[in-house]
Q: 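First the structure, which I've put down as structure tokens, then a few questions once you've had a look.
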2 protein chains.
Amino acid sequence: MRKTFLFMDTIINKVDAKGRVSLPSDYRAIVKETSSEIVCYRSLTSPCIEGCLEDLLDKLAADMENSLDFFSQEQDDLTNLIFGDAKRLPFDSTGRIMLSDKLLQHAGITDSAVFVGKGRKFQIWNPENWQAEEKRIRAEVLKKRPSLKTAGEDK
Amino acid sequence: MRKTFLFMDTIINKVDAKGRVSLPSDYRAIVKETSSEIVCYRSLTSPCIEGCLEDLLDKLAADMENSLDFFSQEQDDLTNLIFGDAKRLPFDSTGRIMLSDKLLQHAGITDSAVFVGKGRKFQIWNPENWQAEEKRIRAEVLKKRPSLKTAGEDK
DNA sequence: TTATTGCTTATGGTATAACATGGGATTTTT
DNA sequence: AAAAATCCCATGTTATACCATAAGCAATAA
């Protein structure tokens, strides 16, 4: 039995006319082993779909109950936004999930989708958009690399 | 058997002349699996109906017994209001609950209603009102994004 | 290396079950 | 008796389960 459950790698799969996509088999294995369920929602910051295990959202719900008081406005707003958008996406016997039009539109996905691992979470992108985004991120990281080095060297 | 029970997603359903609405099937599944019961009451802060499992109200009641200073007098009053207003709403064999005129009027609901997941709770809105509310929340939350990060949503 | 075999995964298509919803019948309340 | 709530049946729609084929991958044998 494995100790850690991380969404990794970048996998491109077809999306059929009904919005069905194969969840990458590695991802499915995680869902099975954790006895949890995939939950997806529109990213707040990027034109992509974001996904995670239901366990993670459950933890979030518990954290919010503890840190913010029961009737606070802030808690109200956050829970509406996050849970109002999220949806459990169980996969069928062949390993496919169904993406709603709302999700597909937000990410601009039509006939194929890219799964990008993010550790505890993952993202689903339109292939072209992801290509551009990856380029942007790589450039960003390269720019910062010197300072990263410096930070590590002078302790 | 599932580990987590979260009300999620945003579902719009028709309300017929008798005040009957289909409870979204995901919500019904939670009720069945927890052997609990849906409880609804008028939101104290918004023009909407709020609902949760009876279990949650029970936890609220227990918390109040156990901690003297956890809740202020004001919050104590609020819980009184909730318990005074709350009502169990069983659903029939086709999965519908009946919303009273009192609840419908408070939310301004006539012929259709939107269920909005909130994790441990959910809300029922008039569709137009919800659309406006969602817009408000998105703007609000994006302004406060740092605190969103703290809550664990964005790594 | 190349070919062969078998296994897992991806994908297309179809049948089936579940759901939302309208309408009516029966029961309970007042 | 009238009104309201509850139950039951019927239907169109949609999502889900299932089956079949195709495509990738790995291990093994030639």
Side-chain angles (χ1 to χ4, degrees), chain A residues 2 7-33 37-41 49 51 54 86-105 109-117 122 124-127 130, chain B residues 2 7-33 37-40 49 51 86-105 109-117 122 124-127 130:
Chain A
R2 161 152 68 134
F7 295 109
M8 293 192 254
D9 206 358
T10 299
I11 293 106
I12 183 164
N13 279 341
K14 293 251 174 85
V15 180
D16 71 13
K18 300 178 198 167
R20 296 184 300 181
V21 215
S22 278
L23 194 69
S25 65
D26 284 357
Y27 292 17
R28 281 191 317 234
I30 292 176
V31 176
K32 280 179 192 160
E33 290 191 55
E37 194 84 51
I38 289 290
V39 171
C40 284
Y41 51 93
I49 301 165
E54 192 175 10
K87 187 169 166 56
R88 310 174 97 214
L89 298 183
F91 52 84
D92 64 20
S93 57
T94 63
R96 281 183 289 198
I97 55 174
M98 244 205 54
L99 299 173
S100 68
D101 285 346
K102 185 178 78 175
L103 292 175
L104 291 172
Q105 275 181 22
I109 294 170
T110 54
D111 60 341
S112 61
V114 181
F115 290 80
V116 183
F122 61 88
I124 312 175
W125 286 79
N126 165 304
W130 168 245
Chain B
R2 160 151 66 135
F7 294 109
M8 293 192 260
D9 206 358
T10 298
I11 294 109
I12 183 163
N13 278 342
K14 294 253 173 83
V15 180
D16 70 13
K18 301 176 195 173
R20 297 182 300 181
V21 214
S22 279
L23 194 68
S25 64
D26 284 357
Y27 291 18
R28 279 191 318 236
I30 292 177
V31 176
K32 280 179 192 161
E33 292 193 55
E37 190 96 42
I38 289 290
V39 171
C40 284
I49 302 164
K87 190 168 162 54
R88 311 171 89 199
L89 297 183
F91 53 84
D92 64 20
S93 60
T94 61
R96 282 182 287 201
I97 55 174
M98 248 209 47
L99 299 173
S100 67
D101 284 345
K102 185 178 77 176
L103 292 176
L104 290 172
Q105 276 180 22
I109 294 170
T110 54
D111 61 341
S112 60
V114 180
F115 290 79
V116 182
F122 62 89
I124 312 175
W125 287 78
N126 164 304
W130 168 245

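Lettering of chains follows the sequences in order, A, B, ..., and the numbering in each one begins at 1. Predicted model, so just to flag it, every value in this text is computed and none were measured.
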Q: Looking only at the side chain of B:T94 (C-beta and beyond, no hydrogens), which of the listed nucleotides D:dC9, D:dA5, C:dA20 gets closest?
A: D:dC9
Q: So does B:K14 have more than 12 non-hydrogen atoms from other groups sitting under 6.0 Å from NZ?
A: no
Q: To the nearest Å, give me how far apart CZ (A:F115) and P (C:dT9) are.
A: 15 Å
Q: Any side-chain N or O of B:S93 less than 4.0 Å from the OP1 or OP2 oxygen of D:dC7?
A: no
Q: Nearest whole angstrom, please: distance from the P of C:dA18 to the CG of B:L23.
A: 18 Å
Q: When you match A:K18 and B:G95 each to their closest nucleotide on DNA chain C, which lands nearer the 5' end?
A: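 Result of the comparison: A:K18.
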Q: For A:S22 and A:N13, work out which heavy atoms get closest and say how close.
A: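 Reported closest heavy-atom pair: O-ND2, 2.8 Å.
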Q: Using whole Å, what does the distance between atom C1' of nucleotide C:dA20 and atom CZ of B:F91 come to?
A: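 Rounded to whole Å, this separation is 14 Å.
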Q: Over how many whole Å does the gap from A:D111 atom CG to C:dA10 atom P extend?
A: 17 Å
Q: Do the non-hydrogen side-chain atoms of B:I12 and B:P127 ever get within less than 4.5 Å of each other?
A: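 When only atoms from C-beta onward are counted, B:P127 and B:I12 do touch, with a gap below 4.5 Å.
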Q: According to a strict under-4.0 Å criterion, is B:R28 in side-chain N/O contact with OP1 or OP2 of C:dA20?
A: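 Looking at the OP1 and OP2 atoms of C:dA20, one of them is under 4.0 Å from a side-chain N or O of B:R28.
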Q: Need one value for B:S25: base, sugar-phosphate or nothing, where a base atom within 4.0 Å counts as base even if backbone is also close, heavy atoms only.
A: sugar-phosphate
Q: Base, sugar-phosphate, or nothing for B:I12, non-hydrogen atoms under 4.0 angstrom?
A: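 Nothing, no heavy atom under 4.0 Å.
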Q: Mind checking if A:P90 touches a base, just sugar-phosphate, or nothing, with heavy atoms under 4.0 Å?
A: nothing
Q: Do NZ/NE/NH1/NH2 and the carboxylate oxygens of A:E37 and B:R2 come within less than 4.0 Å?
A: no
Q: How many whole angstroms separate atom NZ of B:K14 from atom P of C:dA20?
A: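 Going from B:K14 (NZ) to C:dA20 (P), I get 13 Å.
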Q: Find the distance B:D26:CG to C:dC19:C1' and express it as a whole number of Å.
A: 11 Å
Q: Taking the side chain of B:R20 as its heavy atoms from C-beta onward, which of C:dG24, C:dT14, C:dT11 lies nearest to it?
A: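 Nearest nucleotide to the side chain: C:dG24.
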Q: What is the distance, rounded to the nearest whole Å, between atom CZ of B:R96 and atom C1' of D:dA5?
A: 13 Å
Q: Take the angle between the ring planes of A:W125 and A:W130 and call it parallel below 30°, perpendicular above 60°, tilted in between.
A: tilted
Q: D:dT16 P sits how many Å from A:L99 CG, rounded?
A: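 For the pair A:L99 CG and D:dT16 P, the rounded distance is 12 Å.
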